[in-house]
Amino acid sequence: MPLGQRVGDKSDSRYCGVETDFIDEMPHVLTHNLSGGFDFVVAPLVDPSYRPSFPTNSASEGFVLPVAASDLVVSPAQWSSHVVGKISSWIDLDSEDEKLRMDSETALKQEISWASHLSVQACLLPPPKKGCCSNYARSVNQILQGITNMQLWLRLPLVKSGSIENESFDESYDSLSGILYDSWETWNSFRLLCEHHIQLCVALDIQSSLPSINSLLRWFGEPVRAAIIHTDAFLTNARGYPCLSKRHQKLITAFFDFGFQIVISGSLIHSIQQGRLEVFPANDNDTLGEGAPLTHELKPYLEYVAYLYQRMDPLPEQERFELNYRDFLQAPLQPLMDNLEAQTYETFEKDTVKYNQYQRAVCKALLDRVSDEQASSSNTVLMVVGAGRGPLVRASLQAAEEVGRKIKVYAVEKNPNAVVTLHSLIKLEGWESIVIVISCDMRCWDAPEKADILVSELLGSFGDNELSPECLDGAQRFLKPDGISIPSSYTSYLQPITTTKLYNDVKANKDLAHMETPYVVKLHKVARLAQAQPVFTFHHPEFSPNRSNQRYVKLEFEIPPDTGSTLVHGFAGYFDAVLYGDIYLSIEPSKPTPTMFSWFPIFFPLRTPVYVPSGSHLEVQFWRCCAPAKVWYEWCVTSPITLPVHNVNGRSYWVGL
């Protein structure tokens, strides 16, 4: 049964599994563990004592693979829903012993073939036995080419740092002691050898000692499916019951947020009175209350994991709204070339936070523009360029009413369909005497008078990527020399990220164009590797006769030294905007405007992921290019390796003027 109910959470993290030993009575294994509260088992499918080269295992007519159960004893639905196959741990495809290596390759293929026959959804692969895993990865890659509906989870200990003592490794990793200092390095080598195959995933063994926070964060951009917690990683509280350290608790909670499943491994090592299981309270002190019947020896560990899950806050309403957009690639808008649909307008108009900020900015601008003594006699001309269906018109009128200033509003909109809605809104609200609708492109309109305040909402996820600079350059000619532009400036930001999910989604298109196209995306399963840095800044109004909207910048990112090596799949782009004075909007991660949802980040992919060794820096160069009919970005990495310039001459992606 699920760990609990959390409002808005429909991810697999609600389900907890248990690792079991080989038993040739799989129905009993399932019944015992499912009735004990677990949702699935990670179980060997073949007797671990089996070796293909044993004389009794010759390919004779009478040979039968020694499996745990057939598909007649356990139904395909049960295999599919409640079993993760565990591949034999003795397998070593990179052994120097040729007999063992050949046996391993044969057994691996046999066990995967049997699991595929059973419709098992995933198989847990044993960890590489040595630093080199080339032959192992080669064999797994061969297998991946022939399966369609099954994932392979590579088991790895969550270890990074040569300072971790050997005894912190589980016994099953004795052969790795002193060799595998950073399990991420092993994973990276393995997945590169397997060409980033979408069905190759990770299962992390959680040790009693954890690496640094920055090192752990790398894994959130990787395809981790499960975290295996051995019972000896649990501490003991004052009552003798299992609990986890504060660091482990935070890690498991983060795993839940990212949809990782928890698997309990090992045996009961805490002295708990048989027949009773005490219930965990919803507080942080790990003290226990009254008991309930004990039905499974590992139930105390399961209940503790459930306790960690149940004490999490419900998903906020905004997060629930954005669930379907997580890691979903969307093409950026082309607002000058295309007219937005009513549904798009309606979605943006629901962002009350954004329009409240605009209203505050207009309030402040009006107070600075018109003194109290002039309030009754002065009539401020305010132009909303790109008025859409009228939310900025409403915000401006509400601001004027709030501060007691008179305004005359021109609402300029090029979309004839939105203009129809604007006229209806003005008639409905009785604004005919103070709002004039102009159905025209702002760059072509000849204004009958100059504006005191120019209000626009032309920003994209990267600030200038929806051509706000070009539009406002064309519109500022009808702004008074001392006029105010809202926004007054905006800055784009870049941040290197690991995101296997997005990289695989882009790569699946199998063409150059998609690898050179930026995408708007609600980032979720990503690892942010360094602080975001500013890229391009635009100020408005900009009356300089030599102004240019072309830009170039070189950025150098320092990845924290305790992170270890990383793989960069691309760059996340953000922006912040100063509307007026100290009123701003931002989606930059270090200073986001709370609960604003109008903009998701933008993702600039790399055609070839860049491996950044520990201690190295990452250098990227970025261009904003302009031509008479289009604007586009070009980008490339120049350190630690040099990659080709992406999107040369806007060959794959551009925004039309």
Side-chain angles (χ1 to χ4, degrees), residues 1-17 37-39 158 204 206 210 213-214 216-217 219-222 224-227 229 233-235 237 241-264 278-289 300-328 350-354 356 499 501 521-528 572 574 586-601:
M1 59 183 295
L3 293 172
Q5 296 298 323
R6 183 183 176 215
V7 176
D9 185 11
K10 303 296 182 183
S11 70
D12 289 341
S13 63
R14 296 174 294 157
Y15 305 110
C16 185
F38 292 95
D39 298 292
L158 185 55
L204 293 173
I206 309 303
L210 293 176
I213 293 175
N214 286 324
L216 292 172
L217 291 176
W219 291 103
F220 293 123
E222 304 292 2
V224 179
R225 291 293 176 266
I229 309 177
F234 285 81
L235 304 176
N237 67 10
Y241 281 75
C243 64
L244 290 170
S245 71
K246 295 298 183 183
R247 284 198 71 202
H248 281 81
Q249 291 179 41
K250 290 180 180 179
L251 180 64
I252 299 305
T253 300
F255 284 171
F256 287 143
D257 277 330
F258 280 80
F260 302 175
Q261 293 180 299
I262 303 300
V263 176
I264 305 297
E278 295 183 345
V279 178
F280 291 88
N283 58 43
D284 294 327
N285 59 17
D286 295 325
T287 57
L288 305 172
Y301 306 97
L302 172 64
E303 287 293 338
Y304 185 80
V305 171
Y307 154 65
L308 294 180
Y309 179 85
Q310 292 165 14
R311 76 175 186 177
M312 294 175 67
D313 293 331
L315 278 175
E317 183 179 355
Q318 180 183 346
E319 286 291 321
R320 296 200 296 273
F321 168 75
E322 295 171 351
L323 276 176
N324 292 333
Y325 297 99
R326 284 180 174 178
D327 295 327
F328 178 75
K350 290 178 180 177
D351 193 345
T352 56
V353 173
K354 174 179 63 177
N356 286 340
T499 172
K501 166 72 165 61
V521 58
K522 170 62 177 175
L523 299 176
H524 183 56
K525 290 188 176 181
V526 304
R528 295 172 169 86
Y574 317 98
S586 177
I587 63 168
E588 199 274 311
S590 68
K591 51 181 178 182
T593 302
T595 69
M596 185 177 69
F597 60 83
S598 285
W599 296 277
F600 292 151

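These numbers come from the heavy atoms of this one structure, side chains and all, not from hydrogens, waters or symmetry mates.
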S.K.: Under a 3.5 Å distance rule, please check whether Asp12 uses its side chain to pair with a backbone N or O of Gly259 as donor and acceptor.
M.R.: no
S.K.: Parallel, tilted or perpendicular: which one describes the rings of Phe220 and Phe260, with boundaries at 30° and 60°?
M.R.: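 Plane angle under 30°, so parallel.
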S.K.: Assess whether side chain to side chain contact (heavy atoms under 4.5 Å, CB included) is satisfied between Glu319 and Lys522, documenting all intermediate values.
M.R.: CA-CA 10 Å; Glu319 286 291 321; Lys522 170 62 177 175; 3.7 Å; yes
S.K.: Which residues pass the ring-ring contact (aromatic ring centres under 6.0 Å, His included) test with His524, not counting sequence neighbours?
M.R.: Phe258
S.K.: Look up atom CG in Asp39 and atom CD in Gln261, then write down how far apart they are to the nearest 0.5 Å.
M.R.: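 Those atoms lie 8.0 Å apart.
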S.K.: Determine yes or no for a side-chain-to-main-chain donor-acceptor pair under 3.5 angstrom, with Asn237 supplying the side chain and Cys243 the backbone.
M.R.: no
S.K.: Tell me every residue that passes side chain to side chain donor-acceptor pair (under 3.5 Å) with Glu222, counting only those two or more places apart in sequence or in another chain.
M.R.: Trp184, Trp187, Arg191, Thr500
S.K.: When you look at CG of Leu235, are more than 12 heavy atoms from neighbouring residues, nucleotides or ligands closer to it than 6.0 Å?
M.R.: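 Buried by this count: over 12 neighbours within 6.0 Å.
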S.K.: Can you tell me if Tyr241 uses its side chain to pair, donor with acceptor, with the backbone of Pro300 under 3.5 Å?
M.R.: no
S.K.: Would you give the length of the straight line joining atom CZ of Phe597 to atom OG1 of Thr352, rounded to the nearest 0.5 angstrom?
M.R.: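 Rounded to the nearest 0.5 Å, the CZ-OG1 separation comes out at 7.0 Å.
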S.K.: I'd like to know if the side chain of Thr593 reaches the main chain of Ser586, judged simply by a donor and an acceptor atom lying under 3.5 Å from each other, with no hydrogens or angles considered.
M.R.: yes
S.K.: What heavy-atom pair brings Ser13 and Leu3 nearest, and what distance separates the two atoms?
M.R.: O-CD1, 3.5 Å
S.K.: Where is the tightest heavy-atom contact between Leu308 and Met312, given as atom of each residue plus distance?
M.R.: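 Closest approach of Leu308 to Met312, heavy atoms only: O-CG, 3.4 Å.
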S.K.: Does the pair Phe600 and Arg326 meet the rule for a side chain to side chain contact (heavy atoms under 4.5 Å, CB included), with working shown?
M.R.: CA-CA 10 Å; Phe600 292 151; Arg326 284 180 174 178; over 6 Å; no
S.K.: For a side chain to side chain contact (heavy atoms under 4.5 Å, CB included) check, start with the C-alpha distance between Ile229 and His248, then their side-chain angles and the critical distance, and finish with the verdict.
M.R.: CA-CA 10 Å; Ile229 309 177; His248 281 81; over 6 Å; no
S.K.: Taking the side chain as C-beta and beyond, is there a heavy-atom pair between Arg247 and Ile213 under 4.5 Å?
M.R.: yes
S.K.: Report yes if the side chains of Leu251 and Leu158 come closer than 4.5 Å at any heavy-atom pair, otherwise no.
M.R.: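 Leu251 reaches Leu158 side chain to side chain.
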S.K.: To check you understand the geometry: which heavy-atom pair defines the closest contact between Pro594 and Val353, and what is its length?
M.R.: O-CG1, 3.6 Å
S.K.: Evaluate the side chain to side chain contact (heavy atoms under 4.5 Å, CB included) criterion for residues Ile206 and Phe255: first the C-alpha distance (whole Å), next the side-chain angles of each, then the deciding distance (0.1 Å), finally the verdict.
M.R.: CA-CA 12 Å; Ile206 309 303; Phe255 284 171; 3.7 Å; yes
S.K.: Could you tell me if the side chain of Val305 sits less than 4.5 Å from the side chain of Phe256, heavy atoms only?
M.R.: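 SC-SC contact between Phe256 and Val305 confirmed.
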S.K.: Any donor-acceptor pair under 3.5 Å linking the side chain of Glu588 with the backbone of Tyr574?
M.R.: no
S.K.: Other residues, nucleotides and ligands only: do more than 12 of their heavy atoms fall within 6.0 Å of CD on Gln318?
M.R.: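 Enclosed: over 12 neighbouring heavy atoms sit under 6.0 Å from CD of Gln318.
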S.K.: Of all heavy-atom pairs between Met596 and Ile587, which one has the smallest distance, and what is that distance?
M.R.: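 Distance-wise, the nearest heavy atoms are CE-CG2, 3.9 Å.
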S.K.: Might you point out which heavy atoms bring Asp327 and Lys525 nearest each other, and give the distance in Å?
M.R.: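 Answer, listing the atom of Asp327 first, then Lys525: OD2-N, 3.0 Å.
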S.K.: Do you know the tightest heavy-atom contact between Ala527 and Leu217?
M.R.: CB-O, 3.2 Å
